[in-house]
There are 2 protein chains.
Amino acid sequence: MTITTHQRTTILEVAREAKASKTSVSRYFSGERERLSPCMQTRIAAAAQRLGYRPNRMASGLKRGRSKLIGMLVADIRNPFSIAVMYGVEQACRERGLSLMVCNTDNDPAQEREHLSLLASYQIEGLVINAVGSLDQELQTLVQQGIPLVLLERELSEVEAEVVGLDNARAIDLALDHLQDRGYGELLYLSEPPGLASPRQARLTRFQQGVAARNLTGETHCQPLSEPETLQNAISNFIARPGTSPKALLCANGNATLAATRALQAHGAPLGDIGLIGIDELDWCELVSPGITTLAQPTEAIGRAAVECLMRRREAGDRTTPSRQVHFQAILIPRGSTRR
Amino acid sequence: MTITTHQRTTILEVAREAKASKTSVSRYFSGERERLSPCMQTRIAAAAQRLGYRPNRMASGLKRGRSKLIGMLVADIRNPFSIAVMYGVEQACRERGLSLMVCNTDNDPAQEREHLSLLASYQIEGLVINAVGSLDQELQTLVQQGIPLVLLERELSEVEAEVVGLDNARAIDLALDHLQDRGYGELLYLSEPPGLASPRQARLTRFQQGVAARNLTGETHCQPLSEPETLQNAISNFIARPGTSPKALLCANGNATLAATRALQAHGAPLGDIGLIGIDELDWCELVSPGITTLAQPTEAIGRAAVECLMRRREAGDRTTPSRQVHFQAILIPRGSTRR
DNA sequence: TTGTACGCGTTATCAC
DNA sequence: GTGATAACGCGTACAA
């Protein structure tokens, strides 16, 4: 039977109930159970059970300097990619007894700064960052405070932090090779504006290099996806233009794929006739007939790797290890949208 | 210029730097700025700026008993519905200066219990719960500790907590009316097993009532969606069976819609010929030709309402107000899948 | 094996 | 208007 207290039970109450001292109870709950006599152990266990006791993490975090909290800054929580990575992060955290604080910043640098500072105030032990702004200075502060950082795909040169993400160059190469294989010679690259977001930048430049290297024709359209008409027009123009070779669209991420698919449907162009390939595998890509070819990112692995990096760095005493980069390979999933 | 300390700056250091007392600095940062002399204010501001000071929320949480933390228990973080609600929760939290701790439980009651206890140990000020298990006892403990609870669509009768969610009965009615309007007379209801999850239960029973009331023919298939073949067979049998009236599928949630769409495609049945309507609006429903009719849930509003309930209850001193239910209406989005 | 005493960084109380 | 001091709940030397 649990006793009904409207206040949380403290270690002191458990100690009294078990006729033991604070210390013993504390030991019991911090993995030093073996050092206690069996009798004492059962008494404490019983007392804690009766009172429904749970150590206060605020207090223990304050005392030991370890909050057992990991922070995650997400640029856009509604992006399936972010969620998929978050799933991996959450799993890895749980396996290590860590909890996760999630902050969504809606692609707003001001909010990113605010949330960063907030997370720091909770004494988080590590931070996984997926942000759009240039946060060098704020991040530098965190690094100086000894908080391990992992950047998801945002290679900010200045800061000493791990970087985990896709091997963008090879992913684009994979896409271009596939398109060329399938006979598409004139390409339109669709992306949101790269801005400071380095993966967008990396993918874009590799596209440009890769097109040249393969003697393909390539154009790019890097506009916000918020206004469908802009995209629609770009695609219509691309299709209408006289050309000597089949045409295809290459979408830089899931959002772009979604927008492009909408635009193609509105335009009435059948998939495959106009080729379509996108980075990021989504639930529905196999459903939109005849299926959309994608480059899947190993999202869960990316999330787990992020936490692993965090922990490794924390145990390594921070400054000693140089920061590293972990790159994962995209997986091509060929479907009807690149089959003529 | 920020000074490089590898430890976090404390209030004491700021006090020394500003030639003031801890108390004054504390006042400055806890909204009692006005009580300080202008001179003192600028001194503290400058010192804090120089040192990059931020109050330690662990410590203040310990002292004041307010962690400024809201917890959210999510049954399945990869379910778009959960994410959409979470978006609303996060926004509402941010507007109130609260932070969000997210726990994914992967539909596992054991993990739900574990996370619940973990969240409590962080002295969270409120909890939004979307769970599958029967957690009555654990939740009761939290209520007794004075933690406000909001259940997303899981009406656990015993516990004194707010319930926020969809008006399931009317949503099902809406679906049935729509299907009947469009001339579908034989229906197959697809759902994951209802188990203890009350929205599934509510939708299922309403379907059965509603079918009877309208003189329609209705069957139900409530199996896990993990094995596509089971669903596939059920649908094939349903379609193959001789009938007097057009047939349609009604999917209880987004997962079911996804599975049903896959199965129909595998079966080669064109949408609309066999009707399809699903609860939960998803990105891709408009893309799968000729578009899938859905009942959209106002997810962001649900998330925000959850946090509002939490805060209202906290300010009301907890026990006084009776627990309430907030129900939102689904919105019908008709598309080609219910047009013959 | 067990208990005592102190400090983590903050806020609240009470003096000045 | 300002400052000293005692908690908050816990972990951990150190002593017993």
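Within every chain, numbering begins at 1; the chains are lettered A, B, ... in the order of the sequence lines, protein sequences first and strands thereafter.
Between A:K68 atom NZ and D:dG11 atom C1' the separation is 14 Å, expressed in whole Å. What separates CG of B:L12 from C1' of C:dT11 is a distance of 14 Å, to the nearest Å. Taking atom OH on B:Y28 and atom C1' on D:dT2, their separation rounds to 17 Å, with Å as the unit. Between the CZ atom of B:F29 and the P atom of C:dT11 there is a distance of 10 Å, rounded to whole Å. Regarding B:Q41, its CD atom lies at a distance of 9 Å from the P atom of D:dT2, rounded to whole Å. When the P atom of D:dT2 is taken as reference, atom CD of B:E34 falls 13 Å away, rounded to whole Å.
Atom CZ of B:R96 has more than 12 heavy atoms from other residues, nucleotides or ligands within 6.0 Å.
Residue B:S37 places no side-chain N or O under 4.0 Å from the OP1 or OP2 atom of D:dG1.
Nearer the 5' end of DNA chain D, as judged by each residue's closest nucleotide, is the contact made by A:S26, out of A:R35 and A:S26.
Taking the C1' atoms of five terminal pairs at each end of the helix from C:dT1-D:dA16 to C:dC16-D:dG1, the two resulting helix axes are inclined by 40°, rounded to 10°.
Using a 4.0 Å cut-off between a side-chain N of Lys or Arg and a carboxylate O of Asp or Glu, B:R304 and B:E300 qualify as a salt bridge. Taking a cutoff of 4.0 Å between a charged side-chain nitrogen and a carboxylate oxygen, B:R113 and B:D108 do not qualify as a salt bridge. Salt bridge annotation for B:E13-B:R16: absent, with no cationic side-chain nitrogen under 4.0 angstrom from a carboxylate oxygen. Checked for salt-bridge contact, B:E162 and B:R313 meet the test: a charged N lies under 4.0 Å from a carboxylate O. Using a 4.0 Å cut-off between charged side-chain N and carboxylate O, B:R50 and B:E17 make a salt bridge.
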- Message: Counting primed atoms plus P, OP1 and OP2 as sugar-phosphate and everything else as base, spell out the protein contacts along nucleotides 3-9 of chain C at 4.0 Å heavy-atom distance: B, S or - for each nucleotide, 5' to 3'.
- Response: BB-BBBB
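The side-chain contact (heavy atoms from CB on, under 4.5 Å) with B:I129 is formed by just one residue from the set B:L139, B:V150, B:L152; it is B:L139.
Donor-acceptor pairing under 3.5 Å is lacking for the side chains of A:D76 and B:Y87. Checking B:R8 against A:Q123 by side-chain atom types alone, a donor-acceptor pair falls below 3.5 Å.
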